[in-house]
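Within every chain, numbering begins at 1; the chains are lettered A, B, ... in the order of the sequence lines, protein sequences first and strands thereafter. Fair warning: this is a prediction, and the values are worked out from it, not measured in the lab.
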Protein chains: 2
Amino acid sequence: MSVRPKSRRQVLTDFRRSEILDAALKLFGKKGFAETRMDDVAEKAKVAKGTLYLYFSSKEEIYEAAVLQAIEEQRERIREALEGVTGTANRLRVLLQIRMSFWETQPNVYRMLVTLGRERSHRKQTHTLLQATVRELVGIFEDGVNAGEIPARDFEPIGWAVMDMLRGMNERRLYGEADSTPEQDTAILLSLVLPAIGLRTQA
Amino acid sequence: MSVRPKSRRQVLTDFRRSEILDAALKLFGKKGFAETRMDDVAEKAKVAKGTLYLYFSSKEEIYEAAVLQAIEEQRERIREALEGVTGTANRLRVLLQIRMSFWETQPNVYRMLVTLGRERSHRKQTHTLLQATVRELVGIFEDGVNAGEIPARDFEPIGWAVMDMLRGMNERRLYGEADSTPEQDTAILLSLVLPAIGLRTQA
């Protein structure tokens with residue numbers, strides 16, 4: 001998002017940071033978060049341990065950075081996909097479709113978000129990220145009100161309900177506990193939410 | 001549920017088992033599950049370590065037994081509360097109200113269910129318990145169909161959606177991330193589900 005071109009130094013720093021993140025995520029996925037040591041991360045990323053600590057002071061910090069990076073990428077995709085899309089149902093569908101399929105590309109990060117993200121030490125970050133998505137959803141509903149499509153109401157509880165359904169569906173799909181597709185889950189979620197906000201379900 | 005009266009020995013065994021469970025739950029709540037050792041549990045429950053292992057071979061087993069016991073108690077309350085209640089909306093409301101308020105009496109067990117219950121080693125138990133509740137919900141919907149109240153359809157996805165919303169609401173309330181009451185959350189959930197199954201929301 002920065003306008004100034006990055007310095008050579010900044011480019012190198014970013015590159016090394018993302019190399020470390022990649023290495024750590026591979027290890028977390030393979031050995032498990034609890035079993036991975038910072039030494040393993042340094043070795044896998046081919047950096048000295050001292051160098052690793054210049055970037056991240058703990059595994060917890062690596063986890064939080066990985067989640068932030070994934071969520072930022074997801075938001076960027078949603079922003080792009082929403083360009084030019086109009087109508088509450090259509091905009092909601094686009095947002096849900098991306099949030100339903102996105103984690104298939106990063107299942108390891110998602111599995112950590114499902115478990116670690118609920119631990120006391122990370123709940124605050126998780127809650128803040130969820131709140132941001134709820135605000136995006138509420139924004140879509142309010143645009144619908146402003147366009148005269150749906151009646152005004154307090155949309156926040158509906159925003160949270162959508163988040164809860166989305167998270168449950170993603171969790172079951174990514175752990176192989178449901179055999180639905182992201183498209184089927186999107187359709188079910190829409191069939192619950194659209195009538196609740198005063199729109200008819202579209203087939 | 002057993003018809004035969006319990007032997008004196010069985011009564012003693014049950015008593016000691018529940019004493020151990022109580023002691024363990026207190027420790028898990030205070031020190032955290034990861035930090036509690038089986039030695040601590042034996043000490044707190046005032047039993048020899050050898051005796052403890054006659055009842056539970058690991059902390060993981062204690063956790064699973066505690067969850068099962070809580071869920072069984074919850075089911076029993078729901079069964080009793082549903083006696084004589086008719087109508088899909090009313091029956092659904094009763095079930096939700098109990099599932100929304102129950103964990104306030106056992107927040108430690110619930111917090112473990114939220115975190116540990118999602119770890120690989122416990123997902124199967126968690127999923128099986130969730131499936132049973134989804135079946136109860138589907139049963140309520142199908143009774144509504146048989147009574148000519150609502151149209152037939154595949155209710156399983158709606159049952160899961162209800163579970164997801166319920167879990168999200170309970171989780172936020174029990175971690176102090178939402179200031180809604182169980183009654184308010186029940187009303188919101190009903191306002192989403194009733195129209196989806198073809199019933200009007202009741203004020």
Looking at [X], I'd like to know if its [atom1] atom is crowded, meaning that more than 12 non-hydrogen atoms belonging to other residues, nucleotides or ligands lie closer than 6.0 Å.
X: A/Asp179; atom1: CG; result: no
X: B/Lys31; atom1: NZ; result: yes
X: B/Glu73; atom1: CD; result: yes
X: B/Gln10; atom1: CD; result: yes

Do any of residues 150-172 of chain B have a heavy atom less than 4.5 Å from a heavy atom of chain A, and if so, which, in residue order?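 Residues in range: B/Pro157, B/Trp160, B/Ala161, B/Asp164, B/Met165, B/Gly168, B/Met169, B/Glu171, B/Arg172.
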Which of residues 108-123 of chain B get closer than 4.5 angstrom to chain A, counting heavy atoms alone?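 When heavy atoms of chain A are the reference, residues 108-123 of chain B contributes B/Arg111, B/Val114, B/Thr115, B/Arg118, B/Glu119, B/Arg120, B/Arg123 within the under-4.5 Å range.
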Does any N or O in the side chain of [X] come within less than 3.5 Å of the main-chain N or O of [Y], such that one atom is a donor and the other an acceptor?
X: B/Lys59; Y: B/Thr36; result: yes
X: B/Gln125; Y: B/Glu64; result: yes
X: B/Arg173; Y: B/Met100; result: yes
X: B/Lys49; Y: B/Ala42; result: no

Should the pair A/Glu76-A/Arg79 be classified as a salt bridge under the 4.0 Å nitrogen-to-oxygen rule? yes
